Amino acid sequence: MNLITNLKQSTANCIHQLYGVQIQPEQVLVNATKPEIEGDYTIVLFAFVKQLGKSPELLGNELGAAMLADMKGVLTDFNIVKGFLNFTISNQFWFDYIKNANADNLLPKTNMPRKIMVEYSSPNTNKPLHLGHLRNNFLGWSIAEILKLQGNDVVKTCIVNDRGIHICKSMIAWQLFANGATPADTNQKGDHFVGDYYVKFNDAYKAQVAELVAGGKTQELAEKEAPIQKGAQEMLLKWEQGDAATMDLWKRMNTWVYEGFDTTYKKIGSDFVKTYYESNTYLLGKELVEQGLAKKVFYQKEDGSVWIDLTGDGLDEKIVRRKDGTSVYITQDIGLAEVKQKEFNTDASIYVVGDEQNYHFKVLKLICQKLKLPAADGIYHLSYGMVELPTGKMKSREGTVVDADDLVDEMINISKEKTESLGKVSEFTQDQLTELYNTIGLGALKFFLLRVDPKKKMIFNPEESIDFHGFTGPFIQYTHARIKSILRKTGTSIQLTISDLLPLEKALAIELSNFPAVINEAADTLDPSKVAIYTFNLAKLFNSFYAELSIANAESEDKKQLRIQLGILTAATLQKGMRALGIDVPEQM
RNA sequence: GGUUCGGUAGCUCAGCUGGAUAGAGCGUCAUCCUUCUAAGAUGAGGGCCAUUGGUUCGAAUCCAAUCCGAAUCACCA
C-alpha cells in the first residue's frame, strides 16, 4: 500500500535473494532524498555494508539493480552516493497516485477501532480560564480529533474541580467584601467576578500575615493564624458537613462561574460528552481502598491511615486514606478511573494534565495496576509543559496571568483589523465577517499553542502579538482560501490523462501522500504538533508551486486538469489537517 | 539531596529509533503584484547544536561526567 513500506520490504527481499541474509524490513532506513541529489527516496546502506562484508559501491549496484527489477514500474533509476542508494520513482506511479487519490477519503480508517476517553480542561471554579487552560483545551480537543480521524470512538470528558479550600477562599472574600454584589450588578462575566474575590482573598491574607508578623509572630504561625485563612478552613468544614447556608453560597457562586465558562467554551469550541464534578466524585475510591487492604496491596498504620509502599517501584510511600477515613486526591482518582471505565467501557483513557502532575499519574497508574483494575493499563497521562511568560510562571493569585477571554478577544480583533486593511471580502455580510474574524483569530491562537511539542514548556510574550505570517494558522488558512478561489474559477470536474510531472508537481504529490503517516504518528505519540508542522510544510510547498506554475492558465489542458486535481487534494488535506487541530479553514479571506 | 524533563540562529521552535553541507518562522537586508488572493514567493545574512570525555566508518542525536534552568518528591487539588 504505502510506498515507503514497499521499499523496505523490497530491500529485505532482495538482500535475502542476493545474499541469503535475512533482515527485518523495519531495520531498513528510508529517507527522502536530499533536494540537491537526484532521486526521490534513499536507502541508507551502511548498516548492511558491515553485515554483508561488501563495499557500499558494490552492494548499492547489486541491490539497486535487483530492486529495480523487483519494483518494476515504480522505480525507474538509481544512483549511489557514498553509502546512500538513491531511487527515482516513476512519474507514472505519482500520476496514478494523484489520479486515484480521493479528497473525501484521504486516510484509511483503522480496522481495529478503540474506545478512547480523552479527559481535559479540568477548570477550577474559583477563577477564570487562562492561557494555560487554553493550551490544555486545544491539546485535548486536537488529540481527540486526531484519534477520531483514525476511526476510533472517542469520548471527550471534563472534570470540574468545583470544591476545596480554593473555592472557599473566593466565597469568604465575597462574604467579607462584596456587600451582596452579583456579576449582573458589576456587569462582569461570572467567572471573572468570582476570580476577583480570589485575588481579594489573597491580598487580605497577605496584609493580615504582615500585620501579625509585625506584632511579633513568626511567619509560619502568622500564616496559620490569619483570620481570613481560618475563616476559609472553617467554611470548608461546613461545606463538608453540608451546612445549608454554605452550600447555598457555594452553589450560587459556582453558577456564576459556569455561566462565564459557558461563554468561553462556546467561543473556543467545546463538546464534552460528559462532565464530572469533583463534588460528586471526591468520595469515590473508598471501597477500592477496602479491597486493596484485603488484597494486601495497601497496609494500615497504627493511627489508622492507609498507605501503599511503592519504594519497590522506585517511588515513595503514598497515603491513600487519611486516619479520619477521608479520601485524598489519589483515592478519588482511583475511584474515578474505575467509574469512567465502567460507564463508557473504554479501552484507553487519556488524561490531559500539566507536567507538574507527572508523579501523581505515575502513582495512579501503578496503584490501579496493583489493584488489577480493568482501567489500569489504559491510563495514559498526556503531560504538557507550562505556558510561561518571559518574566516566569503565571500566578493567578498575583494576577500575573494571561486571561483566556482577553486573549481570544484580542486575537479576533487583530484578525478583524488585518482583514479590513486587506479588503478582500467586501461582499461578506456582517455575520459572515464575524464568523471569519473568529475563524482566523482562533486559528492563529490554536495553531500557536499546538505547533510546539506538548511535552515542552513554552514561552508566551504578551508584548508581541501572535503572528499572522509564516508558520501560523492564518498562513495555512490563507493557502486554503487561495486554492478555493482558483477552484471556483476553474471548476472541479476533471479528466486526468497521461502526463509528465514537473518537479514541483511531483514534490506536491509526495508531500500529499505522507498525510496518513503523519496522522498515525501524531496519534501514536499524542502529539498534534506533528500535524501542525505537516500542514505548514504542505501549504508552503503549495505556495511555491502556485508562484511557479499557473493552474487556470496552464500550458496545456492536460496540465490544467492535473493541477486542478492537485489543488483539490491539497485543499482537502489542509482542511483535514487543520480540523485535526480544531481549526477551521475559510473558503475566502 | 533523589527522580524526571529541558539547554540547537538575535527571538520562538523543528530535527533526537545515529547518516549526506544542521532546518523553519519571526526580525534584518534585497528582489517580485497591468497574469489564478502579496495573510504570498525568491534570495542574502545569521550556528563551537551548554561544556568535556567516550562509543564508531559516521554523533545535534547514543553513553558518562560537569554546568545552567524547570517540575516533583504534600494527609493541596
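Below, chain A is the first sequence line, B the second, and so on; all start at residue 1. As the structure is a prediction and not an experimental result, all values here were calculated from the model.
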[X], nearest nucleotide to its side chain (from [options]):
{"X": "A:Phe536", "options": "B:A39, B:G25, B:C57", "value": "B:G25"}
{"X": "A:Tyr478", "options": "B:U37, B:G69, B:G19", "value": "B:U37"}
{"X": "A:Phe84", "options": "B:A20, B:A41, B:C36", "value": "B:A20"}
{"X": "A:Lys34", "options": "B:G23, B:G15, B:G25", "value": "B:G23"}
{"X": "A:Asp467", "options": "B:C26, B:A20, B:U37", "value": "B:C26"}
{"X": "A:Lys540", "options": "B:U37, B:A20, B:G25", "value": "B:G25"}
{"X": "A:Arg322", "options": "B:U37, B:A77, B:A41", "value": "B:A77"}
{"X": "A:Gln588", "options": "B:C75, B:A41, B:U37", "value": "B:U37"}
{"X": "A:Asn543", "options": "B:G40, B:C36, B:U56", "value": "B:G40"}
{"X": "A:Phe475", "options": "B:G40, B:C26, B:G6", "value": "B:G40"}

With distance as the sole criterion, is a donor-acceptor pair present between the side chains of A:Gln432 and A:Tyr437 under 3.5 Å?
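No, because no side-chain N or O of A:Gln432 sits under 3.5 Å from a partner of the opposite role on A:Tyr437.
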
Any donor-acceptor pair under 3.5 Å linking the side-chain atoms of A:Tyr534 with those of A:Glu521?
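Short answer, no.
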
At 4.0 Å (heavy atoms only), tell me whether [X] reaches a base, stays on the sugar-phosphate, or touches nothing.
{"X": "A:Leu315", "value": "nothing"}
{"X": "A:Asn126", "value": "nothing"}
{"X": "A:Leu236", "value": "nothing"}
{"X": "A:Met458", "value": "sugar-phosphate"}
{"X": "A:Ala552", "value": "base"}
{"X": "A:Val452", "value": "sugar-phosphate"}
{"X": "A:Ser485", "value": "base"}

Report the residue (A:Thr419 or A:Asp324) whose heavy-atom-nearest nucleotide on RNA chain B is the more 5′ of the two.
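The residue closer to the strand's 5' end, by nearest nucleotide, is A:Thr419.
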
Find which nucleotide of RNA chain B each of A:Asp355 and A:Arg163 is nearest to by heavy atoms, and output the residue with the more 5' nucleotide.
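The 5'-side residue here is A:Asp355.
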
Pair partner, B:G6 [Watson-Crick or wobble, under 3.5 Å]
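Paired with B:C68.
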
Checking base pairs now: Watson-Crick or wobble, both atom distances under 3.5 Å. What partners B:G23?
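Here B:G23 is engaged in a pair, and the nucleotide opposite it is B:C13.
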
If we take the [atom1] atom in both [N] and [M], what is their distance in whole Å?
{"N": "B:U61", "M": "B:G15", "atom1": "P", "answer": "15 Å"}
{"N": "B:G10", "M": "B:A70", "atom1": "C1'", "answer": "23 Å"}
{"N": "B:G45", "M": "B:G54", "atom1": "C1'", "answer": "36 Å"}
{"N": "B:A71", "M": "B:G25", "atom1": "P", "answer": "33 Å"}
{"N": "B:U42", "M": "B:G53", "atom1": "C1'", "answer": "44 Å"}
{"N": "B:G46", "M": "B:G1", "atom1": "C1'", "answer": "42 Å"}
{"N": "B:A59", "M": "B:U12", "atom1": "P", "answer": "29 Å"}
{"N": "B:C26", "M": "B:C63", "atom1": "C1'", "answer": "36 Å"}

So does A:Leu502 get a backbone contact from the side chain of A:Glu505, meaning a donor-acceptor N/O pair under 3.5 Å?
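Indeed, once roles are kept as given, a pair shorter than 3.5 Å links the two residues.
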
Hey, can you tell me if A:Phe471 and A:Phe447 have their rings parallel, tilted or perpendicular (30° and 60° cut-offs)?
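A:Phe471 vs A:Phe447 ring planes: perpendicular.
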
Between atom [atom1] in [X] and atom [atom2] in [N], what is the gap in whole Å?
{"X": "A:Lys318", "N": "B:U3", "atom1": "NZ", "atom2": "C1'", "value": "14 Å"}
{"X": "A:Asp313", "N": "B:U4", "atom1": "CG", "atom2": "C1'", "value": "16 Å"}
{"X": "A:Leu29", "N": "B:C16", "atom1": "CG", "atom2": "C1'", "value": "13 Å"}
{"X": "A:Tyr359", "N": "B:U4", "atom1": "OH", "atom2": "P", "value": "13 Å"}
{"X": "A:Phe448", "N": "B:A39", "atom1": "CZ", "atom2": "P", "value": "22 Å"}
{"X": "A:Leu382", "N": "B:C5", "atom1": "CG", "atom2": "C1'", "value": "15 Å"}

Aromatic A:Tyr282 / basic A:Arg163 pairing, under 6.0 angstrom, 45° off normal
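That pair qualifies as a cation-pi contact.
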
Donor-acceptor pair under 3.5 Å: do we get one between A:Asn537's side chain and the base of B:A14?
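Answer no: no donor N or O sits under 3.5 Å from an acceptor.
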
What I want to check is whether an N or O donor and acceptor connect the side chain of A:Thr42 with the base of B:A20 at under 3.5 Å.
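In this structure, the two groups form a donor-acceptor pair.
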
Report yes if a side-chain nitrogen or oxygen of A:Lys456 is closer than 4.0 Å to either non-bridging phosphate oxygen (OP1 or OP2) of B:A14; otherwise report no.
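So the side chain of A:Lys456 is within the cut-off, an N or O lying under 4.0 Å from OP1 or OP2 of B:A14.
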
Does A:Tyr534 have a side-chain nitrogen or oxygen under 4.0 Å from the phosphate oxygens OP1 or OP2 of B:A14?
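So the side chain of A:Tyr534 is outside the cut-off, no N or O lying under 4.0 Å from OP1 or OP2 of B:A14.
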
To check you understand the geometry: which heavy-atom pair defines the closest contact between A:Glu278 and A:Asp162, and what is its length?
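A:Glu278 and A:Asp162 have their closest heavy atoms at N-OD1, 3.3 Å.
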
Is there ring stacking between A:Tyr329 and B:C76, where the centres must be under 5.5 angstrom apart and the planes under 30 degrees?
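No, the aromatic ring of A:Tyr329 does not stack with the base.
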
Within the supplied structure, the quantity of interest is the number of heavy atoms (other residues, nucleotides, ligands) at a distance under 6.0 Å from A:Gln51 CD; does it exceed 12?
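More than 12 heavy atoms, drawn from other residues, nucleotides or ligands, come within 6.0 Å of this atom.
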
Carboxylate-amine/guanidinium contact A:Glu57 A:Lys82, below 4.0 Å:
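A salt bridge is absent here (no side-chain N lies under 4.0 Å from a carboxylate O).
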
What is the glycosidic conformation of B:C26: syn, defined as within 90° of 0, or anti?
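Nucleotide B:C26 adopts anti.
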
